[in-house]
Amino acid sequence: MDLWPAFSEPLRPLNRWQRWVRNIRETPSAVLLFGQIALLFVYPYIETATLGHYAKAAIGAAALVVIFLAVRVARATPALTWVAAVLGVPVVLLTVAEAVWQDIVPLAFVSALLHALFYFYIAYALIRYMFADNWVTRDELFATGATFTVVVWAYAYVYQTVQFIWPNSFTIHGGELPGTRSWFELLYLSVTTMTNTGLSDIVAVTPHVRSFVMLQMLSGILYVALVVARLVGLTIMRFNR
């Protein structure tokens, strides 16, 4: 009788599904990164769809769940997980409520504000995860890109919040008069500002919102200088050993 069957039996090779599940578990930041990128291609269809508000609410809630799970799996501390849950649950509920009651301005304002806070906190959690040690893993490399996209989403919600406080803060260059910009237009502005490309035709026209735009420009530069440069340096050191 074999008392140690687990050790005597040869290891079975993983099938394709098992390898896929293992890769997801080992690189949750990659799931977050590619999920955010996929949303960039989905939002244009949602913006023009008849049921766009409801579809956007479903996808937005799903994206928030993916972010929370990614941070939880990425060895977040219990405190980080607890705070992310406290912020995330109301955000998901407000996203759904906003789709049901579309014309309630205070609801949309609170939702945008909590979205911004949630995304900024997730970015902080991911940066803390990357700075936890001096060893760069494959997931931490994906976390570099995921953190960048999370900050982009956070500032887009900041701009949406600003619109409620200071109306007509944005305009289209050479086109419409200042007015309320859509979510996808503000996300486009956030991407171009964060990358410091300056290609957006969405222009900030009030002093208050220009302060936030300048803050995002500085955030993009500091992120590359501090976070990306550190990970690149650690990666080079790892290969030189």
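Numbers here simply count residues along the sequence, with the first being 1. Heavy atoms only: backbone and side chains are in, while hydrogens, waters and symmetry mates are out.
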CG-CD1 distance between Leu32 and Ile37, expressed to the nearest 0.5 angstrom: 9.5 Å

Steps toward side-chain contact (heavy atoms from CB on, under 4.5 Å) verdict (Arg210, Thr206): CA-CA 6 Å; Arg210 284 178 175 175; Thr206 62; over 6 Å; no

Minimum-distance pair of heavy atoms, taken over all atoms of Met130 and Tyr223: CE-OH, 4.1 Å

For Val150 against Ala123, the heavy-atom pair lying closest together: CG1-N, 3.8 Å

Partners meeting side chain to side chain contact (heavy atoms under 4.5 Å, CB included) with Leu93 (sequence neighbours left out): Val89

Set of ring pair (Phe, Tyr, Trp, His ring centres under 6.0 Å) partners for Phe118, sequence neighbours left out: none

Closest approach of Leu87 to Leu117 (non-hydrogen atoms, all atoms of both residues): CD1-O, 4.1 Å

Listed once per pair and sorted, the ring pair (Phe, Tyr, Trp, His ring centres under 6.0 Å) pairs that draw on residues 185-216, sequence neighbours left out: Trp166-His208

Pairwise side-chain contact, Tyr159 with Arg181, heavy-atom cut-off 4.5 Å (strictly under): no

Option from Val203, Val209, Val205 for which side-chain contact (heavy atoms from CB on, under 4.5 Å) with Phe170 holds: Val209

For residues 62-70, dump all side-chain donor-acceptor pairs below 3.5 Å to protein atoms at least two apart in sequence or in another chain.
none

Same apolar cluster: Ile127 and Val224, side chain cutoff 4.5 Å: no

Distance, nearest 0.5 Å, that separates CD of Gln160 from CH2 of Trp183: 6.5 Å

Set of residues satisfying side-chain hydrogen bond (donor to acceptor under 3.5 Å, both in side chains) with respect to Ser211, sequence neighbours excluded: none

Distance in Å, Ser182 OG paired with Leu186 CG, rounded so as to fall on 0.5 Å steps: 6.5 Å

Thr195 and Val152, any side-chain heavy atoms less than 4.5 Å apart: no

Inter-residue atom distance Ile202.CD1 - Ser190.OG, 0.5 Å rounding: 12.5 Å

Closest approach of Thr192 to Leu189 (non-hydrogen atoms, all atoms of both residues): OG1-O, 2.9 Å

Residues which pass side chain to side chain contact (heavy atoms under 4.5 Å, CB included) with Ala154, listed by chain and number, not counting sequence neighbours: Tyr119, Phe120

Shared hydrophobic cluster, Ile221 / Leu215 (ILVMFWY, side-chain heavy atoms < 4.5 Å): no

Value rounded to 0.5 Å, distance of CG in Leu40 from CG in Leu187: 6.0 Å

Check: Phe142 main-chain N/O paired with Ser29 side-chain donor or acceptor under 3.5 Å: no

side-chain hydrogen bond (donor to acceptor under 3.5 Å, both in side chains) partners of Thr149, counting only residues at least two apart: none

Rounded distance (nearest 0.5 Å) linking atom CG of Leu222 with atom CE of Met217: 13.5 Å

Side-chain donor/acceptor of Gln216 to backbone N/O of Tyr155, under 3.5 Å: no

Qualifying residues under side chain to side chain contact (heavy atoms under 4.5 Å, CB included), relative to Ile165, sequence neighbours excluded: Phe109, Thr161

Partners meeting side chain to side chain contact (heavy atoms under 4.5 Å, CB included) with Tyr124 (sequence neighbours left out): Leu80, Tyr121, Arg128

Minimum heavy-atom distance Thr147-Ala143, with the two atoms named: OG1-O, 2.7 Å

Residues that Gln163 engages under side-chain hydrogen bond (donor to acceptor under 3.5 Å, both in side chains), provided they are two or more places apart: none

Same apolar cluster (I L V M F W Y, side chains within < 4.5 Å links), Tyr157/Met214: no

Sequence-distant partners of Ser111, side-chain hydrogen bond (donor to acceptor under 3.5 Å, both in side chains), two or more places apart: Glu98, His115

